[in-house]
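Worksheet: the structure to be examined is printed underneath.
The figures here come from the full heavy-atom set of this structure, side chains too, leaving out hydrogens, waters and symmetry mates. Residue numbers begin at 1 in each chain, while the letters A, B, ... track the order of the sequences.
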Number of protein chains: 2
Amino acid sequence: MPCGGNWRSQIGRSVIVLYADSEVSYDGRAVSRAGRAWRLIIIKPDGTLLIHTDQGYQPMNWQPPGSRISVTETSDGKLIIYSTRQRPREVIRVVVYGIEWACWGMPSEGAFRLTGTHEDVKEWIVRNIQRIIPGGRVISVEYEIPGHGIADILAEDASGRKIVIEVKRQCADLHAVSQLRRYADALNAGGILVAPCFTSGARRLAREYGFQLVTLDPSDLSPGTAGAN
Amino acid sequence: MPCGGNWRSQIGRSVIVLYADSEVSYDGRAVSRAGRAWRLIIIKPDGTLLIHTDQGYQPMNWQPPGSRISVTETSDGKLIIYSTRQRPREVIRVVVYGIEWACWGMPSEGAFRLTGTHEDVKEWIVRNIQRIIPGGRVISVEYEIPGHGIADILAEDASGRKIVIEVKRQCADLHAVSQLRRYADALNAGGILVAPCFTSGARRLAREYGFQLVTLDPSDLSPGTAGAN
DNA sequence: CGTGCCAGGTGCCTT
DNA sequence: AAGGCACTTGGCACG
């Protein structure tokens with residue numbers, strides 16, 4: 001059974017899960033200190049370190065892939081787990097007072113496919129530009145505007161006027177409108193914001209800036225509908 | 001030893017960790033399908049579900065706190081784990097073909113303190129506004145501009161001209177400049193961007209918009225220095 | 001509950 | 001490596 005005391009031999013080879021009584025300190029872009037408590041510690045072979053509590057999606061502390069981990073033992077028998085990352089320089093130090101159980105395994109992602117992403121929506125629009133700009137055409141995708149960022153789609157309408165299209169897969173907010181403005185201003189172009197929904201503020205601001213809103217839900221990517229708004 | 005076959009009795013009471021041969025499907029804001037493979041499954045009492053592979057900070061699939069979990073058994077002995085979330089409606093379905101080990105425990109966050117945050121930087125600036133705007137004063141913090149968002153700090157310089165200060169704890173980018181512009185435009189005010197560093201694009205754009213840059217590192221919050229730029 | 005915005009954001013891709 | 005940006009972003013605070 002892959003649970004036992006020799007988990008240290010699995011470092012770099014398996015995903016190790018420890019249930020440990022521990023203190024955690026983090027020093028890097030920010031600083032954190034966590035007093036002694038039982039926590040879930042996950043060590044992945046790619047250098048990822050995750051320290052989870054009883055609640056929440058996010059770990060209490062972590063270290064990303066590529067970090068270097070080491071485990072040492074103090075003279076009085078306590079374990080100390082170090083995880084170090086360069087650029088930015090960040091260190092996690094876990095003092096382990098006790099381990100109730102330690103298990104490991106070699107999980108994998110397996111075949112994995114994710115759909116309904118921003119990329120999918122963008123591709124749909126390129127193929128169905130007529131539904132967004134009747135009589136228009138796509139000039140470029142991921143169009144870089146030097147010093148101003150990268151526009152999702154650059155198109156032109158029937159009259160030849162340039163139009164920047166900014167695509168969001170979730171409700172568009174003020175940030176999305178500001179982003180679109182940055183592109184449209186730089187190109188002296190019109191702007192269309194495509195999203196499944198819009199916050200009230202986004203609607204106001206888009207109106208103020210003269211941008212058009214188009215409602216398009218990622219789940220409606222079929223030959224379906226795109227309702228102008 | 002808290003590892004064994006009766007982990008299902010711990011649902012809602014402990015954090016459960018399964019090492020399982022499984023298929024995972026996710027349907028919600030996006031859609032994902034993951035073929036059969038060994039994966040690490042974590043079930044927290046707050047409804048959080050995390051499915052981890054051998055690499056990366058992020059789980060392959062997940063469900064946030066507040067989700068409802070249930071485990072059923074098919075006629076041929078396979079387990080199926082359902083996790084459902086409303087608003088947005090999202091469902092994860094895990095078909096479990098086998099479990100190599102199942103362990104649990106009741107971790108906690110314990111005493112935890114994080115410093116060096118955005119809030120810390122903002123407070124430092126309010127206390128040391130003279131270092132940012134010599135002769136100026138703070139008018140308001142978290143100043144809401146209706147329909148345009150919330151400015152970090154609204155101040156005025158020695159001549160009484162309004163200045164919006166946008167604070168970043170990491171390198172400021174185009175997004176930060178756009179955000180500042182949204183505020184400054186709405187108030188017809190000047191703008192100062194405070195950050196530990198700036199991307200090349202952010203420098204260009206800030207110059208174009210007439211914003212001032214001030215370099216301030218979160219780790220130098222002592223009575224230290226704030227270098228205008 | 002929606003709106004807005006930070007996060008030690010992370011991850012992906014392109015120059 | 002730096003820059004730009006999406007993410008099933010998650011999480012928080014406020015009206």
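- When each of D:dG3, D:dT9, D:dA6 is scored by its nearest atom to the side-chain atoms of B:S200, the top-ranked nucleotide is D:dG3.
- Remark: B:R29 is in phosphate contact with D:dT9, judged by side-chain N or O atoms under 4.0 Å from OP1 or OP2.
- A close approach under 4.0 Å does not occur between any side-chain nitrogen or oxygen of A:R203 and OP1 or OP2 of C:dG2.
- Going from the P atom of C:dG8 to that of D:dG4 covers 23 Å, rounded to whole Å.
- Between A:Y97 and A:E23, the side chains place a donor N or O and an acceptor N or O closer than 3.5 Å (distance only, hydrogens not considered).
- Phosphate contact (OP1/OP2 of C:dG4, side-chain N/O of B:Q179, threshold under 4.0 Å): absent.
- B:R93 and B:S25 share no side-chain donor-acceptor pair at under 3.5 Å.
- Under the 4.0 Å criterion applied to side-chain N and carboxylate O atoms, B:E109 and A:R39 are not assigned as salt-bridge partners.
- Within residues 50-59 of chain B, the residues that have a heavy atom under 4.0 Å from DNA chain C are, in order of number, B:G56, B:Y57, B:Q58.
- For B:E144, taking side-chain heavy atoms from C-beta onward, the closest of the listed nucleotides C:dG8, D:dG15, D:dA6 is D:dG15.
- Salt bridge annotation for A:K168-A:D152: absent, with no cationic side-chain nitrogen under 4.0 angstrom from a carboxylate oxygen.
- Taking 4.0 Å as the cut-off between side-chain N and carboxylate O, B:R85 and B:E90 count as a salt-bridged pair.
- Within the structure, ring-ring contact (aromatic ring centres under 6.0 Å, His included) contacts touching residues 19-56 of chain A (residues at least two apart or in different chains) are A:Y19-A:W38, A:Y19-A:W101.
- Protein atom CD of A:Q170 is 13 Å distant from nucleotide atom C1' of C:dC5, rounded to whole Å.
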